[in-house]
Structure formats: structure tokens, C-alpha cells
S.K.: 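I'd like to ask some things about the structure below.
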Amino acid sequence: FEEELFQDLCEDICFERQVDVEASSVKAFDDAKEALSQLRDRGYKLVLVSNLASPYASALDVCNIREFFDVIVFSFAEGVVKGKTGDHQIYQRAAGRIGTPLKECLFVGDTVSADYDGPLAAGMQAVHLDRHLR
């Protein structure tokens, strides 16, 4: 039993190191900060909604973009996810935290099911940002 526990702990430590390396190597797209800055300057409220796992939340700080958002909604902290058919809670929470009706929110993201279909089904407007032009 002790050997098995030791192996599990070693695997966990190795995984945590891999996650740290991966999270610390994340880079924002070249135009991201400028776009976020312009939106903020125009008075838009910005909310980040993400299904990132908790170890990857540090990527916002690595990319120096946390400061642009009025609210950050992580699925791991909320216990709900974006893109789950019929479950609009994460979108409702995001809109509620900035005091904006769903129909007045524009959701922009790169995943069709979670960032386009999900917000539309919740009553938001949505844009699919495809940087690979698929």
C-alpha cells in the first residue's frame, strides 16, 4: 500500500510540474491586449468565462490580461460549465455579475459549442472567433 501511495504522489507531483510549465508558457495573441484595451476604453464591460481547469487559471496573469476584465467566471469555481446543452447557468451568472440582461451581451469565443451555440441558446448574442479559419 505504501509503495502504491508513493507512486501516486510522484505521479501527482510530475503532473503538477507539467501543468505549471504549460501554464507559464501560454501567450496571448498579438492583437488581444489592444482589442481588450479598445473595448474597455469604449466603456464595454468585459467578462471572461472559461472552462479552464484550476491549475491553468494562472495563464491570465502570465498573459497580463486579467486587468482588462470586470468579472472572471471560471467553471471550476462555479461548478457549472459552458457548452453543456440545456444548462445556461454559467452564462446567466456572467451576465448577472455585470448587471446586464442576457440579450444585451455579446459572447466571443473560439469553440462553437461552448462559445457560440451555448450563449445563443442562453439568450445572448454570439460570435465565433476562428483564428484558423476552419
Side-chain angles (χ1 to χ4, degrees):
F1 176 76
E2 289 179 16
E3 179 66 28
E4 186 177 321
L5 179 60
F6 178 74
Q7 286 296 97
D8 289 346
L9 289 172
C10 288
E11 288 175 17
D12 288 347
I13 291 169
C14 183
F15 176 74
E16 287 178 16
R17 286 183 183 154
Q18 290 172 341
V19 168
D20 288 343
V21 168
E22 190 174 313
S24 67
S25 68
V26 172
K27 291 184 174 46
F29 285 100
D30 292 338
D31 58 351
K33 288 183 187 177
E34 181 62 27
L36 292 168
S37 180
Q38 286 184 24
L39 290 167
R40 287 294 308 250
D41 290 348
R42 293 180 183 178
Y44 289 100
K45 295 177 186 174
L46 301 179
V47 179
L48 177 96
V49 179
S50 178
N51 282 345
L52 280 177
S54 61
Y56 295 98
S58 64
L60 293 177
D61 299 315
V62 171
C63 294
N64 293 314
I65 60 170
R66 185 181 295 271
E67 68 194 61
F68 293 104
F69 297 98
D70 297 290
V71 173
I72 297 172
V73 181
F74 283 120
S75 60
F76 69 82
E78 300 294 323
V80 295
V81 296
K82 60 181 181 159
K84 183 176 179 186
T85 304
D87 185 352
H88 310 304
Q89 291 181 72
I90 200 160
Y91 309 109
Q92 293 164 339
R93 291 178 191 185
R97 291 196 184 139
I98 56 169
T100 303
L102 287 165
K103 66 182 180 180
E104 294 179 20
C105 294
L106 175 63
F107 200 102
V108 179
D110 62 352
T111 305
V112 174
S113 63
D115 300 328
Y116 183 78
D117 294 339
L120 285 178
M124 292 179 160
Q125 302 169 65
V127 172
H128 176 227
L129 179 63
D130 187 351
R131 292 187 177 271
H132 305 290
L133 300 174
R134 290 176 262 164

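All values reported here derive from a predicted model rather than from experimental measurement. The basis for the numbers below is simple: all heavy atoms, side chains too, and nothing from hydrogens, waters or symmetry mates.
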S.K.: Quick one: hydrophobic cluster around Phe29, which other residues, with the 4.5 Å side-chain cut-off, linked directly or via members?
M.R.: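 ILVMFWY cluster around Phe29 holds nothing else.
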S.K.: Glu104: which residues meet the side-chain hydrogen bond (donor to acceptor under 3.5 Å, both in side chains) condition with it, sequence neighbours left out?
M.R.: none
S.K.: Could I get the full list of side-chain hydrogen bond (donor to acceptor under 3.5 Å, both in side chains) partners for Arg66, not counting sequence neighbours?
M.R.: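 Expected list: Asp61.
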S.K.: Using a 4.5 Å cut-off on heavy atoms from C-beta on, say whether the side chain of Arg97 contacts that of Val47.
M.R.: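 The answer is no; the side chains never approach within 4.5 Å.
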S.K.: With side chains defined as the heavy atoms from C-beta onward, is the minimum distance between Leu36 and Phe69 less than 4.5 Å?
M.R.: yes
S.K.: Is Ile65 reachable from Leu129 through a run of I, L, V, M, F, W or Y residues, each pair having side-chain heavy atoms under 4.5 Å apart?
M.R.: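 Cluster IDs for Leu129 and Ile65 differ.
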S.K.: How close do Ala126 and Pro119 get, counting heavy atoms only, and between which atoms?
M.R.: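 Residues Ala126 and Pro119, closest heavy atoms: CB-CB, 4.2 Å.
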S.K.: Quick check: does any side chain N or O of Arg93 sit under 3.5 Å from a backbone N or O of Val73, one acting as donor and the other as acceptor?
M.R.: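 Checking the backbone N and O of Val73 against the side chain of Arg93, no donor-acceptor pair under 3.5 Å is found.
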S.K.: Report whether Ile72 and Leu39 are members of the same hydrophobic cluster (ILVMFWY, side-chain heavy atoms less than 4.5 Å apart, transitive linking).
M.R.: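 Yes; tracing contacts between hydrophobic side chains, which count when under 4.5 Å, links both residues.
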S.K.: I'd like to check Arg40 versus Leu46 (side-chain heavy atoms, cut-off strictly below 4.5 Å). Are they in contact?
M.R.: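 When only atoms from C-beta onward are counted, Leu46 and Arg40 do touch, with a gap below 4.5 Å.
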S.K.: Apply side chain to side chain contact (heavy atoms under 4.5 Å, CB included) to Asp87 and Val81, showing your working.
M.R.: CA-CA 8 Å; Asp87 185 352; Val81 296; 5.8 Å; no
S.K.: Does the plane of the ring in His88 sit parallel, tilted or perpendicular to the ring in Tyr91? Use 30° and 60° as the thresholds.
M.R.: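 Rings of His88 and Tyr91: tilted, 30 to 60°.
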S.K.: Between Ile98 and Leu102, is there shared hydrophobic-cluster membership here, with clusters defined by ILVMFWY side-chain heavy atoms closer than 4.5 Å?
M.R.: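 Hydrophobic grouping puts Ile98 with Leu102.
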S.K.: Hey, are the side chains of Asp115 and His128 touching, using non-hydrogen atoms and a 4.5 Å cut-off?
M.R.: no
S.K.: Could you see if Val71 belongs to whatever hydrophobic cluster contains Ile90? Use Ile, Leu, Val, Met, Phe, Trp, Tyr and a side-chain cutoff under 4.5 Å.
M.R.: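 Yes, Val71 connects to Ile90 through the hydrophobic network.
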S.K.: Would you say that more than 12 heavy atoms from the other residues, nucleotides or ligands in this model lie under 6.0 Å from the CG of Asp31, or not?
M.R.: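 Check passes, neighbour count above 12.
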S.K.: Would a distance-only check, ignoring hydrogens and angles, find a side-chain to backbone donor-acceptor pair under 3.5 Å from Asn51 to Ser75?
M.R.: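 No; zero donor-acceptor contacts below 3.5 Å.
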S.K.: Tell me whether Leu48 is reachable from Leu52 by hopping between hydrophobic residues (I, L, V, M, F, W, Y) whose side-chain heavy atoms are closer than 4.5 Å.
M.R.: yes
S.K.: Given Val80, which of Glu78, Lys84, Lys82 fulfils the side-chain contact (heavy atoms from CB on, under 4.5 Å) condition?
M.R.: Glu78
S.K.: Atom NZ in Lys45, atom SG in Cys105: separation rounded to 0.5 Å?
M.R.: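 Between atom NZ of Lys45 and atom SG of Cys105 there are 9.0 Å.
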S.K.: Can you name the nearest heavy-atom pair linking Ala95 to Met124, along with the distance?
M.R.: CB-CE, 4.3 Å
